[in-house]
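Convention: sequence-line order gives letters A, B, ...; per-chain numbering from 1.
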Protein chains: 2
Amino acid sequence: MGYACLMPVDRAQVLHSAAALLTRKSTATMDEVARAAGISRATLHRHFAGRDALVRALEDLGIRECEAALDRARLVEGRAEDALRRLIREIEPAAPLLAFLTTENQLFEGDAQNEGWTRLDTRMAELFRRGQEAGEFRIDLTPAWLCEALYGLVGSAAWSVQDGRVAAKDFSFMIAELLLGGVRRRVEP
Amino acid sequence: MGYACLMPVDRAQVLHSAAALLTRKSTATMDEVARAAGISRATLHRHFAGRDALVRALEDLGIRECEAALDRARLVEGRAEDALRRLIREIEPAAPLLAFLTTENQLFEGDAQNEGWTRLDTRMAELFRRGQEAGEFRIDLTPAWLCEALYGLVGSAAWSVQDGRVAAKDFSFMIAELLLGGVRRRVEP
DNA sequence: CCCTGATGAGACATCTGTGTCTCACGTGGG
DNA sequence: CCCACGTGAGACACAGATGTCTCATCAGGG
């Protein structure tokens, strides 16, 4: 089988452009979302039954891309610091999507999809816990807070890049350096 | 003159409850906002001509509270690190409001109110720049990024506290410690 | 060559939120 | 005591988004 038309709709591409738009304008119309994806409202509605379905699909994709990033980052291998750097690097493509989803907290209330986020949180928290046990990371910041902080920094960075305030190539560096070393100057590298 | 009724509407209180609600559910109805504030939709509409006016008022209040926090923090006095800690402590009451406003980036596009945010950004960036020049802060992270990161961490912390994932009393500590020192364990304090 | 399948454009009814209005109630002041 | 003021409740029309439909178009496969 396979698609038969000139411009078969790439589901993931539509979802990514929708995330990019909705991150900037959370009240964007279905028509605006369609236009942003370069398709018509009718086609958008053929693939996603409604706005709810679209957001659910966005959440699905976000969870799957994050899990894939976590897999690629091999969080359990090597030093926790290196694993965290890998994670930040691998999660960069999903950053706009993640930025949108973290602001849509309304989704997180009372749905089964919460399980997906819980699994992600657990894996990330495990990385921070491992770093703490290995003596790499300080123990006075809880893994749960570090997870939230990572989400927040990824969102801020994605927004800054999208807005042109910082260079896209510095994405990983900025997050990793700030999260790992903080802003205070270190006497010895 | 003065208020004559049993329950005169406290404008700031309405705005804060609106911010708390809209942070969780950005698409909340005017009716929901009114209920959350304990007033009727009619009264809400008497004080804020419409949803736009409400959000504008939210933005006004957010800017004013942030500026007040910056004033109280005395950013130009003493060590930059101490000033930053003061800033985080003083900005805590405005955190939910700030968390909402930072996610409503749609507002930041093409309006005169942008000037208020620019002034805030400038003052914060000046603090980071001062710390860098004094040798307290590292110079490979731009003040602009540090500002964005601070916004992101404040938002994450506010959301975490609101969700019960972290204790409210740790708000300042978590942000300040992570932002200043990072997650990496330091050999010497 | 025709047929299948997916798309774009547009029309249409519906629904939800919004903005405005009126009316009744209760409190505080004159 | 009565009046003024602000509020709550509800009705109402309006605007915009949504969901569904039809029809024309066009590429690829049998």
Polar atom pairs between nucleotides 13-18 of chain C and protein, under 3.5 Å, N or O only, would you list them?
unit_1, atom_1, unit_2, atom_2, d
C/dT18, OP1, B/R51, NH1, 3.2
C/dT18, OP2, B/M30, N, 3.0

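Taking every heavy atom of both residues into account, A/F137 and B/R184 meet most closely at CD2-CA, 4.3 Å.
Within the structure, every pair that satisfies the salt bridge (Lys or Arg N to Asp or Glu O under 4.0 Å) test and touches residues 131-140 of chain A, not counting sequence neighbours, is listed here: A/R129-A/E133, A/R138-A/D140, A/R138-B/E177.
Under 4.0 angstrom from either OP1 or OP2 of C/dG8 there lies at least one side-chain N or O belonging to A/T43.
When rounded to the nearest whole Å, the span between CG of B/D52 and C1' of D/dA15 equals 14 Å. Distance CG (B/L44) to P (D/dA9): 14 Å, rounded to an integer number of Å. In this structure, CZ of B/R35 is placed 15 Å from P of D/dT7, rounded to the nearest angstrom. Rounded to whole angstrom, the span from the NZ atom of A/K25 across to the C1' atom of D/dA17 amounts to 11 Å. What separates CD1 of A/I39 from C1' of D/dT25 is a distance of 18 Å, to the nearest Å. Between B/H47 atom NE2 and D/dG8 atom P there is a gap of 9 Å when expressed in whole angstrom units.
B/T142 contributes a side-chain N or O that, together with a main-chain N or O of B/W145, makes up a donor-acceptor pair within less than 3.5 Å. A/S156 contributes a side-chain N or O that, together with a main-chain N or O of B/E148, makes up a donor-acceptor pair within less than 3.5 Å.
The base of D/dG8 sits with one of its N or O atoms less than 3.5 Å from a complementary donor or acceptor on the side chain of B/R46.
Using a cut-off of 4.0 Å between Lys/Arg side-chain N and Asp/Glu carboxylate O, A/D31 and A/R35 are scored as salt-bridged.
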Test B/T103 against B/T23 for side-chain contact (heavy atoms from CB on, under 4.5 Å), laying out the working first.
CA-CA 8 Å; B/T103 64; B/T23 300; over 6 Å; no
